[in-house]
Participant: 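Let me give you the structure first, and then I'll get to my questions.
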Amino acid sequence: MGARGTALPFTVTYAQRADGRACLRLAGELDMSTAPELNAEIDRLRADGERYLLIDLTELTFCDSTGIAAFVRGDNRASADGGWLRVTGASGRVERVLQVTGLAEVLRYDADTPDPASPSRP
């Protein structure tokens with residue numbers, strides 16, 4: 001929450017990791033009104049041939065079921081192309097949602113690992 005209890009605007013920022021793979025950094029609230037923006041960015045990267053996508057949730061303050069659906073959709077589409085979608089950096093309520101829904105395990109989320117896509121992961 002920003003000043004006076006207002007929600008922070010949702011943003012999706014693209015970054016290229018050192019290994020050349022894509023990373024999306026999410027900030028603000030991922031919900032029914034903002035999930036289409038994330039879906040569009042995932043679709044754009046997929047159309048550009050990106051098969052491996054890390055999503056950094058460090059600055060995400062809220063995620064509802066529509067956001068969870070966007071992660072699952074993105075992972076399913078990446079898997080269909082032989083790739084994956086992974087998440088990292090969640091905390092507070094967002095981390096709790098990932099744990100409760102079982103998505104933390106599906107997307108191999110690990111709060112202590114800065115890059116769950118690392119080749120050192122089991």
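Below, all heavy atoms of this structure are taken into account, side chains as well, without hydrogens, waters or symmetry copies. All values reported here derive from a predicted model rather than from experimental measurement.
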Participant: For Arg44, is the CZ atom crowded, meaning more than 12 foreign heavy atoms sit under 6.0 Å from it?
Facilitator: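 More than 12 heavy atoms, drawn from other residues, nucleotides or ligands, come within 6.0 Å of this atom.
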
Participant: Closest approach of Val97 and Cys63, non-hydrogen atoms and distance?
Facilitator: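 Closest approach of Val97 to Cys63, heavy atoms only: CG2-O, 3.8 Å.
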
Participant: Provide the closest heavy-atom pair for Ala22 versus Tyr14 in the form atom of the first, atom of the second, distance.
Facilitator: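 Closest heavy-atom pair between Ala22 and Tyr14: CB-CE1, 3.6 Å.
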
Participant: Can you confirm whether Glu59 is buried at CD, in the sense that more than 12 heavy atoms of other residues, nucleotides or ligands lie under 6.0 Å from that atom?
Facilitator: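 Result for CD/Glu59: open.
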
Participant: After noting the C-alpha distance and the side-chain angles of Leu103 and Val87, does the key distance pass the side chain to side chain contact (heavy atoms under 4.5 Å, CB included) rule?
Facilitator: CA-CA 10 Å; Leu103 200 57; Val87 295; over 6 Å; no

Participant: Between Thr88 (side chain only) and Leu54 (backbone N and O only), is there a donor and an acceptor less than 3.5 Å apart?
Facilitator: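 Judged by distance alone, no pair lies under 3.5 Å.
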
Participant: Is it true that a side-chain atom of Ser79 and a backbone atom of Trp84 form a donor plus acceptor pair closer than 3.5 Å?
Facilitator: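 No: the side chain of Ser79 does not pair with the backbone of Trp84.
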
Participant: Whether Arg108 and Asp75 form a salt bridge (side-chain N of Lys/Arg under 4.0 Å from carboxylate O of Asp/Glu) is what I want to check.
Facilitator: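 No salt bridge links Asp75 with Arg108.
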
Participant: Is it the case that the side chain of Asp64 and the backbone of Thr66 share a donor-acceptor pair, with hydrogens and angles ignored and the cut-off at 3.5 Å?
Facilitator: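 Answer holds: yes.
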
Participant: For the hydrophobic clusters of this structure (ILVMFWY residues joined by side-chain heavy atoms under 4.5 Å, transitively), does one cluster hold both Met32 and Ile68?
Facilitator: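 As far as the 4.5 Å side-chain criterion goes, Ile68 and Met32 are not connected within one cluster.
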
Participant: Other residues, nucleotides and ligands only: do more than 12 of their heavy atoms fall within 6.0 Å of CZ on Arg25?
Facilitator: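 Counting neighbours around CZ of Arg25, 12 or fewer heavy atoms of other residues, nucleotides or ligands fall under 6.0 Å, so no.
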
Participant: Under the side chain to side chain contact (heavy atoms under 4.5 Å, CB included) rule, what do Phe10 and Leu60 come out as? Steps first, then yes or no, please.
Facilitator: CA-CA 8 Å; Phe10 180 74; Leu60 193 67; 4.1 Å; yes

Participant: For the pair Arg77 and Asp81, find out whether any cationic side-chain nitrogen is under 4.0 Å from an anionic carboxylate oxygen.
Facilitator: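 Result for this pair is no, no salt bridge flagged.
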
